[in-house]
Amino acid sequence: MFDYGMFQFSSKEEVIEKSIACWNPGKTKFWRDAGIDLVIDRREGYLIYDMNGKRLIDLHINGGTFNFGHRNTELVGALKTALDRFDIGNHWFPSVARTALAEALVKVCPGFDYAFFAPGGAEAIDVAIKSARYTTQRRKVISIIKGYHGHSGLSVATGDSRFSKIFLSDRPDEFTQVPFNDLGAMERALSAQDIAAVILETIPATYGFPMPHEGYNRSVKALCEKYGALYIADEVQTGLLRTGEMWGWQSYGVQPDIFVSAKGISGGIYPFAVTMLTKKTGAWMEEDGAAHISTSGGAEPGCFVALKVLEILQRPEVRANVQYLTRYFSDAFHDIIRSDGDVVVGLRQKGVVIGVEFAHHEGGVHASRALYENGVWAIFSSLDKRVLQFKPGVLMSSALAEEVVDRFRVAIPRMRELIARAPSARSAA
Amino acid sequence: MAPETPETLNFSSYRDTYGAMLDRAGWAATTFSRYDRATTLKIAGAVARAAYGKAAHYAEWAVRETSFGVVEDKRLKNELCSLGVFETYRDTDYIGPVIDQSRKTVRIARPAGVILALTPSTNPVATVFFKTILALLTRNAIVICPHPAAKACCADAADLIAAEAVRAGAPDGVIQVVREPSIPALEGLMSDERIDLVVATGGPAVVRAAYRSGTPSFGVGPGNGPVYVDSSADLAAAATRIVESKSFDNSILCTNESVVLAEEAIADRLLRALQTSGAHVCSPGEREKLRAFLWRDGGFNIGAIGKDASVIARACGFDVPGNTRILLVPIDRVLPEEHFTREKLCPVLGFAVVTGTDEAIRAARMMNRKSGGGHSAAIHSQNEMTIMTYAAGVPALRIVVNAPCSQGAAGFGSNLGPTMTIGTGFMGGSALGENLTPASLINWSSIAYPTDPRMPFGNFEGLTPWKTPNSTIPDEQPSSVSAFDEMADLREKIRALVRDELNSALGRT
Ligand SMILES: Cc1ncc(COP(=O)(O)O)c(C=O)c1O
């Protein structure tokens with residue numbers, strides 16, 4: 001019997017059955033069929049526990065949502081304290097919490113003047129695109145093939161057609177896609193001079209973190225300037241110190257016109273996202289400040305959490321921790337590639353943004369399962385299944401990092417076995 | 001109506017503030033524990049020299065901040081606790097491997113990990129230097145938690161040596177300091193599972209808290225040193241040393257003499273010799289004024305700690321000659337009710353007459369029954385049997401002979417090991433019975449072969465498990481195999497080859 005106070009379940013199977021019946025049949029069945037029968041129950045730090053008690057180290061962290069761990073005590077404390085006085089608030093009016101957070105954000109985002117709040121990443125991306133359209137008075141947007149920016153009206157149109165066609169929401173006339181790391185294609189797409197913006201994940205996450213070529217982001221920005229388009233950086237997975245700098249664009253020395261942060265800024269406990277705008281790209285707020293409205297965008301309890309997130313990230317100790325983690329995982333994976341090169345063939349890494357490349361075309365999927373069986377939860381890249389997303393949170397301790405690598409090594413024979421049983425790349429192709 | 005401010009909203013706790021610090025120390029400890037001896041000595045040496053160079057600066061600052069002690073003596077302690085300590089231990093191997101052919105063993109040092117070092121207000125920066133250099137010599141990371149009354153000078157000194165350590169190649173975060181020490185913060189830190197060892201120098205409450213924390217600890221208790229002078233002693237020399245010791249840093253070292261136990265036959269002559277050396281012998285009236293000043297509300301008056309003798313006398317309302325270095329207080333009986341038999345971290349020294357060695361031992365035991373056990377005692381004598389009897393009878397773990405106790409028991413001018421941390425052993429509620437040395441901060445892993453002579457011992461000459469990384473501050477190079485995307489074709493071919501090989505190895509085609 002699982003008693004959660006407000007509701008009870010007799011077993012995990014009951015949850016899964018009812019989840020298929022009342023929540024989401026496809027998603028629930030997908031994981032069940034993939035051998036990952038996870039229903040997350042307790043969670044603390046970088047550990048999550050299945051309903052049946054199975055302990056997993058979380059390296060999925062939902063793209064950085066749990067960058068600071070699950071239920072980080074500081075963040076939970078901030079939220080609880082805030083709730084003694086605040087609620088979502090009234091979006092029509094200025095508020096102490098929103099103002100304080102906006103000011104703090106402007107301070108840590110050199111070159112930006114406004115912080116516009118939204119309850120989730122996708123909506124913040126929509127605001128970014130709307131702002132670019134207002135500023136340039138152009139309609140078209142260029143994104144990357146296999147880029148990913150969310151599922152709302154405009155954001156979904158920038159992404160893989162798998163997510164837009166099903167809802168008849170693709171808009172090929174307004175949204176163009178070019179290959180990542182291909183400056184020639186980018187320039188060709190921009191040269192018609194009718195592009196409002198190029199939107200780029202600083203490192204494309206769902207694509208499996210392919211690393212931008214040297215100078216790529218800066219060159220794209222230069223091309224944008226040349227053809228009168230704006231550069232939107234999607235920092236949803238690359239912001240908040242994950243690349244070693246506060247923002248990924250700082251790591252690559254590029255100054256975007258607009259950028260978006262989400263996931264981690266919520267602390268994993270209060271949905272939150274932000275679109276950072278300049279005087280120029282935020283000018284629509286002078287004309288009509290209510291042109292984009294979101295009742296729970298900038299909800300005040302979330303402002304407190306986000307403020308605490310910013311404070312944590314500015315501690316020198318946290319920066320040092322990221323550097324140690326970066327070095328540690330780099331060394332560990334280079335060792336693994338040397339010793340088990342038949343399974344693991346490459347590492348994509350910038351800070352704690354890490355993609356592990358496998359020899360097999362679905363190696364990431366098999367690795368994910370083998371790790372799951374061995375106490376680590378890390379998810380494959382849905383748009384490049386050869387790659388495992390490997391995302392340690394910025395506060396991970398040395399002891400836990402060591403355990404992660406130990407477990408990874410223990411799981412390698414199982415990865416090898418699952419891969420050997422799977423159809424080979426060529427027979428699949 | 002006054003505008004309301006959200007004063008009820010409190011957004012911080014110890015874990016918030018110090019969690020990241022402990023994680024950083026954990027990384028540093030893990031990294032440092034693999035260092036080789038040459039690099040380790042280079043780091044400890046650089047830190048010792050930097051600390052030595054600032055000895056006077058921090059002596060002045062410590063006295064200014066705490067108002068305890070004497071700048072010149074503190075400078076000396078800072079020097080001894082930096083380069084002095086380093087030079088003492090630099091030639092001892094705390095890292096290994098240490099091969100013992102005859103015992104067929106190899107020992108490999110295993111550092112404690114992250115050490116939480118509590119430092120007192122009385123010897124603030126000297127203790128920071130001392131504990132840090134010991135930690136560095138043994139490849140430990142250290143988190144310094146200074147006494148709140150000395151937090152500024154300690155934090156500044158810690159920052160200085162931390163930067164120096166990293167410059168010399170130590171891992172980032174190997175030395176860190178708690179900037180806003182408080183009791184809740186301290187209790188939280190001591191029981192945090194990320195701390196591997198607590199080394200507590202402080203009052204009995206702090207030491208007991210350290211042991212209660214559940215973390216392995218070395219807590220060292222307070223002192224209350226008896227000094228016995230028998231009839232065989234060189235009285236003039238004994239008097240000089242006692243005054244020297246009692247006035248050193250205005251008696252702020254816990255190894256200072258508390259009560260002179262003078263053998264009846266020489267008591268008068270000793271008293272005069274002490275006078276000649278700079279002791280002012282208090283009249284009964286002065287004694288009572290002193291008593292009222294030094295013990296208030298059941299406790300020792302903090303305002304008297306480490307103050308000059310003349311300052312204390314003036315505060316009590318009497319004047320002493322200008323050359324007075326200590327105040328000597330004759331007492332009739334050595335019983336706990338007599339205040340002057342208790343610890344006095346100021347240049348005030350009790351003086352009692354005893355019939356001989358047995359009574360001296362009884363008096364010493366009386367003095368240390370409630371507090372001060374396991375600490376230090378001194379004796380001035382030429383008679384080895386007396387020295388032996390006294391040493392076996394007094395509740396002290398170091399018995400300094402014919403020397404100033406403040407310095408001698410702390411290992412300065414004796415071979416006890418220079419220290420700011422005096423182990424008070426089981427008698428004094430501590431797991432450490434010796435002066436804290438680098439050896440206290442490590443364990444040894446021992447490789448042990450069978451004693452059976454038919455089983456040969458291995459040849460470990462020239463082997464080492466240690467490896468010092470060439471760059472210790474992790475630099476942020478994006479390491480990306482995909483940077484070679486131009487070679488994607490080639491890589492795909494290699495992958496295919498590997499796959500084929502794997503498949504054929506598994507008997508598939
Ligand atoms: C890079 C990137 N951008 C945007 C989003 C959308 O964020 P949300 O799911 O909060 O709408 C995501 C979510 O996975 C993302 O990874």
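Both backbone and side-chain heavy atoms feed into the values below; hydrogens, waters and symmetry mates do not. Keep in mind that this is a model prediction, so the values were computed, not measured. Chain letters run A, B, ... following the sequence lines, proteins first and then strands; every chain starts at 1.
- With salt bridges taken as basic N to acidic carboxylate O contacts below 4.0 Å, one links A/Asp331 and A/Arg327.
- A cation-pi arrangement is absent between A/Arg218 and A/Trp249, since the terminal nitrogen or guanidinium carbon is not both under 6.0 Å from the aromatic centre and inside a 45° cone about the axis.
- Between the side chains of B/Ser213 and B/Ser191, no donor-acceptor pair is found at a separation under 3.5 Å.
- Interface remark: of the candidates A/Val353, A/Asn321, A/Val96, A/Ile312, A/Asn321 forms the most heavy-atom pairs closer than 4.5 Å to chain B.
- With a threshold of 4.5 angstrom between heavy atoms, A/Leu75 does not approach chain B through any atom at all.
- Interface remark: of the candidates B/Ala28, B/Gly173, B/Ala29, B/Ala28 forms the most heavy-atom pairs closer than 4.5 Å to chain A.
- A donor-acceptor pair shorter than 3.5 Å cannot be found between the side chains of B/Arg139 and B/Ser33.
- No part of A/Pro212 comes within reach of chain B, as not one of its non-hydrogen atoms sits under 4.5 angstrom from that chain.
- For chain B, the nearby part of A/Ala401 is the side chain; its heavy atoms alone come within less than 4.5 Å.
- Ranked by heavy-atom pairs shorter than 4.5 Å toward chain B, the options A/Leu325, A/Val318, A/Ile354 are led by A/Leu325.
- A distance of 6.0 Å or more separates the ring centres of A/Tyr46 and A/Phe66.
- Interface remark: A/Glu214 contributes no atoms to any contact with chain B (heavy atom separation under 4.5 Å).
- A/Phe329 and A/Phe390 have perpendicular rings, their planes meeting at more than 60° on a 0 to 90° scale where under 30° would count as parallel.
- With a 4.5 angstrom heavy-atom cutoff, A/Tyr328 touches chain B only via side-chain atoms.
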